[in-house]
Amino acid sequence: MPVIIDGNNLLHSLPSRERNRDSVRRRALDTVRHRGMSLTVVFDGPPPPGSPDPDHLGRLTIRYSGASSADDLILRLLPKSGGASNWVVITNDRALRDRVKESGAKVRTVSEWQSRRPTKPRRVSREPKLSSREVADWETFFASRDDDAEP
């Protein structure tokens, strides 16, 4: 299910020391990495100098609205003819929420999205450590192969 986030709403929900687009980008990257979803973050205004628009980062896309509003761009990104029902828009903007619902897409607030967002990375299973006997066996194996190598 594709998700579009109103980037400025997310930015203003962050602690003051993290209130920048890079923090939003990092949070979005963590989300796609840990939840395996497609995500588009839309910011108001033009992209920073030297930044591509759109900026594709695997399953994450960062978009900038340029001269129009982020709300208008979000609505343009939603599919027409009933296809929006598979999409979710994350925003705190009441007027945008109403327009998104009219399109058929689902709407969540930033706090609802953040409460579902993983706070810790998934635990990665690791292979058990080798015993000292197993290490010695491997060292013997590789040492004998060096002796067999041709000069």
Side-chain angles (χ1 to χ4, degrees), residues 1-131 134-135 138-139 141-142 145-146 149:
M1 178 173 293
V3 176
I4 300 173
I5 296 181
D6 184 332
N8 289 6
N9 281 189
L10 178 56
L11 185 142
H12 291 294
S13 74
L14 299 177
S16 58
R17 69 182 180 287
E18 294 179 40
R19 230 171 255 159
N20 58 64
R21 288 179 174 182
D22 285 337
S23 291
V24 170
R25 182 184 184 125
R26 275 192 302 278
R27 285 175 178 255
L29 281 167
D30 284 345
T31 299
V32 298
R33 188 176 302 125
H34 298 296
R35 291 180 65 186
M37 61 192 303
S38 295
L39 186 62
T40 299
V41 177
V42 179
F43 288 109
D44 279 305
S51 294
D53 183 24
D55 189 1
H56 297 287
L57 305 163
R59 292 185 311 259
L60 172 64
T61 302
I62 307 289
R63 301 282 309 255
Y64 300 90
S65 66
S68 68
S69 72
D71 295 5
D72 290 340
L73 177 55
I74 289 169
L75 291 165
R76 283 195 310 268
L77 292 173
L78 294 172
K80 306 297 181 237
S81 303
S85 63
N86 294 324
W87 290 62
V88 176
V89 174
I90 311 300
T91 184
N92 290 336
D93 182 314
R94 196 171 310 159
L96 177 59
R97 282 196 313 245
D98 292 343
R99 293 170 68 192
V100 167
K101 286 179 184 178
E102 287 173 14
S103 77
K106 295 167 187 66
V107 181
R108 303 283 181 271
T109 64
V110 171
S111 61
E112 288 172 329
W113 178 74
Q114 287 177 322
S115 69
R116 294 180 184 193
R117 190 178 155 268
T119 55
K120 295 180 184 176
R122 284 189 230 159
R123 179 173 280 194
V124 176
S125 62
R126 296 200 171 120
E127 292 182 21
K129 291 185 177 183
L130 296 176
S131 69
E134 291 169 317
V135 171
W138 281 111
E139 287 174 340
F141 174 77
F142 285 112
R145 291 188 53 105
D146 288 342

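The basis for the numbers below is simple: all heavy atoms, side chains too, and nothing from hydrogens, waters or symmetry mates. Model, not experiment: these values are computed from the prediction.
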Next item on the list: Taking the six-membered ring of Phe43 (Phe, Tyr or Trp), confirm whether the NZ or CZ of Arg63 is under 6.0 Å from its centre and within 45° of its axis.
Entry: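 Geometry flag: not set, cation outside 6.0 Å or 45°.
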
Item checked: Leu96 and Ile74: CA distance, side-chain angles, deciding distance, side-chain contact (heavy atoms from CB on, under 4.5 Å) verdict -> CA-CA 9 Å; Leu96 177 59; Ile74 289 169; 3.9 Å; yes

Next item on the list: Answer yes if the side chains of Ser23 and Arg26 hold a donor-acceptor pair under 3.5 Å, and no otherwise.
Entry: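 Yes - a donor-acceptor pair under 3.5 Å links their side chains.
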
Notebook entry, point to check: Will you find, in the side chains of Asn9 and Asn92, an N or O donor that is under 3.5 Å from an N or O acceptor?
Noted result: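 Asn9 vs Asn92: no donor-acceptor pair found between side chains.
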
Check: [Y] and [X] side chains under 4.5 Å, non-hydrogen atoms:
| X | Y | result |
| --- | --- | --- |
| Asp55 | Leu57 | yes |
| Thr91 | Val107 | yes |
| Thr61 | Val41 | no |

Short side-chain to backbone donor-acceptor contact, [X] and [Y], under 3.5 Å:
| X | Y | answer |
| --- | --- | --- |
| Ser85 | Gly104 | no |
| Asn86 | Met1 | no |
| Glu112 | Thr109 | yes |
| Lys106 | Trp87 | no |

Notebook entry, point to check: Quick one: do Asp30 and Arg27 make a salt bridge, cutoff under 4.0 Å?
Noted result: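 The answer is no: the pair does not qualify as a salt bridge.
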
Check: Passes side-chain contact (heavy atoms from CB on, under 4.5 Å), Asp44 versus Ser69? Steps please.
Finding: CA-CA 6 Å; Asp44 279 305; Ser69 72; 4.2 Å; yes

Margin query: Can you pull out every salt bridge (Lys or Arg N to Asp or Glu O under 4.0 Å) where at least one residue sits in residues 67-83? Sequence neighbours excluded, please.
Written below: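 Residue pairs passing salt bridge (Lys or Arg N to Asp or Glu O under 4.0 Å), neighbours aside: Asp72-Arg99.
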
Reported [atom1]-to-[atom2] distance for the pair [X] and [Y], which is rounded to 0.5 angstrom:
| X | Y | atom1 | atom2 | answer |
| --- | --- | --- | --- | --- |
| Met37 | Arg59 | CE | CZ | 9.5 Å |
| Thr40 | Ile5 | OG1 | CD1 | 9.0 Å |
| Arg21 | Arg25 | CZ | CZ | 11.0 Å |

Item checked: Listed partners of Glu134 passing salt bridge (Lys or Arg N to Asp or Glu O under 4.0 Å), at least two apart ->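 Glu134 satisfies salt bridge (Lys or Arg N to Asp or Glu O under 4.0 Å) with no residue once adjacent residues are dropped.
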
Note to self: Using the rule given for side-chain contact (heavy atoms from CB on, under 4.5 Å), can you reason through Leu75 versus Leu73, listing the C-alpha separation, both sets of side-chain angles and the distance that settles it, and then say yes or no?
What the structure shows: CA-CA 5 Å; Leu75 291 165; Leu73 177 55; over 6 Å; no

Next item on the list: Write down the atom of Ala84, the atom of Ser103, and the distance for their closest heavy-atom approach.
Entry: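 Taking every non-hydrogen atom into account, CB-O, 3.4 Å.
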
Notebook entry, point to check: Which heavy atom in Ser68 sits nearest to a heavy atom in Ser65, and how many Å separate them?
Noted result: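 The answer is O-OG, 2.8 Å.
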
Notebook entry, point to check: Of the options Leu78, Ile90, Val88, which is the one that meets Ile4 in a side-chain contact (heavy atoms from CB on, under 4.5 Å)?
Noted result: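 The side-chain contact (heavy atoms from CB on, under 4.5 Å) with Ile4 is passed solely by Leu78 among Leu78, Ile90, Val88.
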
Next item on the list: With sequence neighbours left out, write down each residue that passes side-chain contact (heavy atoms from CB on, under 4.5 Å) with Ser13, or none if nothing qualifies.
Entry: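 Result, side-chain contact (heavy atoms from CB on, under 4.5 Å) vs Ser13: Leu10, Val110, Gln114.
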
